[in-house]
Amino acid sequence: MIYFRFCVFTAKVIPRASYDMVHYGHSNQLRQAKAMGDYLIAGVHTDAEISKHKGPPVFTQEERYKMVRAIKWVDEIVEGAPYVTTLETLDKHNCDFCVHGDDITLTVDGKDTYEEVKRAGRYRECRRTQGVSTTDLVGRMLLMTKAHHSNIDNPDYQQHTDNFGKGPKGHSPWTGVSQFLQTSQKIIQFASGKEPQPGDTIIYVAGAFDLFHIGHVDFLEMVYKQAERPYVIVGLHFDQEVNRYKGKNYPIMNIHERTLSVLACRYVSEVVIGAPYAVGKDLLDHFKVDLVCHGKTEVFPDKDESDPYAEPKRRGIFRAIDSGNNLTTDDIVQRIIENRLQFEARNQKKEAKEMAVIEAMKKRDQEVSEVTDCEFAL
């Protein structure tokens with residue numbers, strides 16, 4: 001769980017979440033929350049809390065703490081935030097209110113985790129980002145096909161979404177899978193809009209940056225530290241290009257999703273969407289690149305078997321970066337595969353609780369309607 005401390009006219013806000021497998025949906029929640037005030041505190045739950053209320057997390061709490069810190073709209077985080085948000089928690093961190101998406105979060109016994117702060121009028125809501133969820137991403141990782149990110153009607157894909165986001169009594173609108181639709185407005189909301197200034201060191205990195213994770217964050221942080229005034233440009237390869245050199249079912253996230261994920265990182269200034277695989281003369285001259293960096297992961301040759309970094313190496317501006325973190329997207333996929341049954345059970349249990357709440361809400365609304373009709377008749 002994450003708490004936010006937002007400020008509206010010196011007001012502070014706190015949202016909370018598990019932030020397991022941090023994706024652009026989480027980042028968009030934080031962006032919306034920050035817009036409600038001046039200062040944002042994100043409360044992140046421990047592994048034990050998540051396991052108790054939701055099921056086993058994919059990432060450790062230390063990994064999740066660092067991922068949330070790297071999101072550019074976050075001013076501060078609270079490690080080990082309680083799963084149930086209370087007035088005591090808000091007051092402890094000098095927060096005026098807390099923020100959450102328009103989905104519902106429930107405790108292990110099915111109670112609303114925001115009940116107390118809602119009653120006190122210290123709860124705000126932001127819109128959930130359609131088209132992305134941990135449920136969806138887990139299903140994609142288990143679906144070994146090249147078309148999952150562009151063909152949501154694929155019957156195999158639908159089977160996986162059913163396994164991961166459908167309980168015995170139907171779909172919950174909060175846990176189910178929907179399709180992401182990119183818009184120019186969304187990119188503008190995520191982009192910094194800042195041009196490089198005289199004296200800035202323009203640093204270029206390129207890659208897939210698929211399932212944007214803590215390994216990427218550690219690498220970009222190290223790249224950012226290569227200069228006193230860095231302006232980091234990330235070149236993202238198109239889906240077809242990524243699949244050419246990565247194979248299997250990669251990329252897990254399509255180019256539009258990966259763009260938002262990278263733009264949300266505080267170490268990134270600009271993103272080139274559909275960057276050429278070879279870092280050539282035209283690209284280096286166009287962006288006036290001072291330094292080109294690459295991590296310790298394997299550099300695959302271009303289609304003609306040439307070195308994609310030949311030109312920056314010739315210019316003497318290529319630098320290999322060791323972030324000290326060897327985590328890869330492959331490692332994350334392996335975590336999911338090894339714990340497949342646990343994740344299926346986790347999501348189905350979560351949806352069952354949500355469906356129970358939906359049915360209770362429908363029953364309550366129906367009773368209110370019947371009482372109103374009766375009073376009107378009298």
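Excluded from the calculations below are hydrogen atoms, water molecules and symmetry mates; all remaining heavy atoms, backbone and side chain alike, are included.
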Centroid-centroid distance, His213 to Phe59, less than 6.0 Å: no
Residue list, side chain to side chain donor-acceptor pair (under 3.5 Å) with Glu63, at least two apart or on another chain: Thr60, Arg335
Residue pair Met253 / Leu211, side-chain heavy-atom distance below 4.5 Å: yes
With sequence neighbours excluded, residues passing side chain to side chain donor-acceptor pair (under 3.5 Å) with Asn28: Arg31, Thr129
Neighbour count above 12 (heavy atom, 6.0 Å) for Lys92 NZ: no
Pairs touching residues 316-325 that satisfy salt bridge (Lys or Arg N to Asp or Glu O under 4.0 Å), sequence neighbours left out: none
Donor + acceptor pair across side chains of Ser323, Asn325 (<3.5 Å): no
Glu79 vs Gln61 side-chain heavy atoms within contact, under 4.5 Å: no
Pairwise side-chain contact, Asn243 with Phe238, heavy-atom cut-off 4.5 Å (strictly under): no
Minimum-distance pair of heavy atoms, taken over all atoms of Ser51 and Pro57: OG-CD, 3.5 Å
Thr329 side chain near His216 side chain, heavy-atom distance below 4.5 Å: yes
Remaining members of hydrophobic cluster (4.5 Å side-chain criterion), Val292: Ile202, Tyr204, Tyr231, Ile233, Val272, Val279, Leu283, Leu284, Phe287, Val289, Val299, Tyr309, Ile317, Phe318
Contacts of type salt bridge (charged side-chain N to carboxylate O under 4.0 Å, His left out), residue Lys246, not counting sequence neighbours: Asp330
Pairs touching residues 258-270 that satisfy salt bridge (Lys or Arg N to Asp or Glu O under 4.0 Å), sequence neighbours left out: Asp239-Arg258
Phe190 and Trp73 aromatic ring geometry - parallel, tilted or perpendicular at 30°/60° bounds: perpendicular
Closest contact, heavy atoms only, Ala206 versus His237: CB-NE2, 3.9 Å
Heavy-atom closest pair, residues Ile77 and Val74: CG2-CG1, 3.8 Å
Nearest heavy-atom neighbours spanning Arg124 and Gly121: NH1-O, 3.4 Å
Tyr277 to Pro308 - nearest heavy-atom pair and separation: O-CB, 3.6 Å
Beyond-backbone contact of Asp75 with Lys34, side-chain heavy atoms, under 4.5 angstrom: yes
Side chain Gln182, main chain His256, donor-acceptor under 3.5 Å: yes
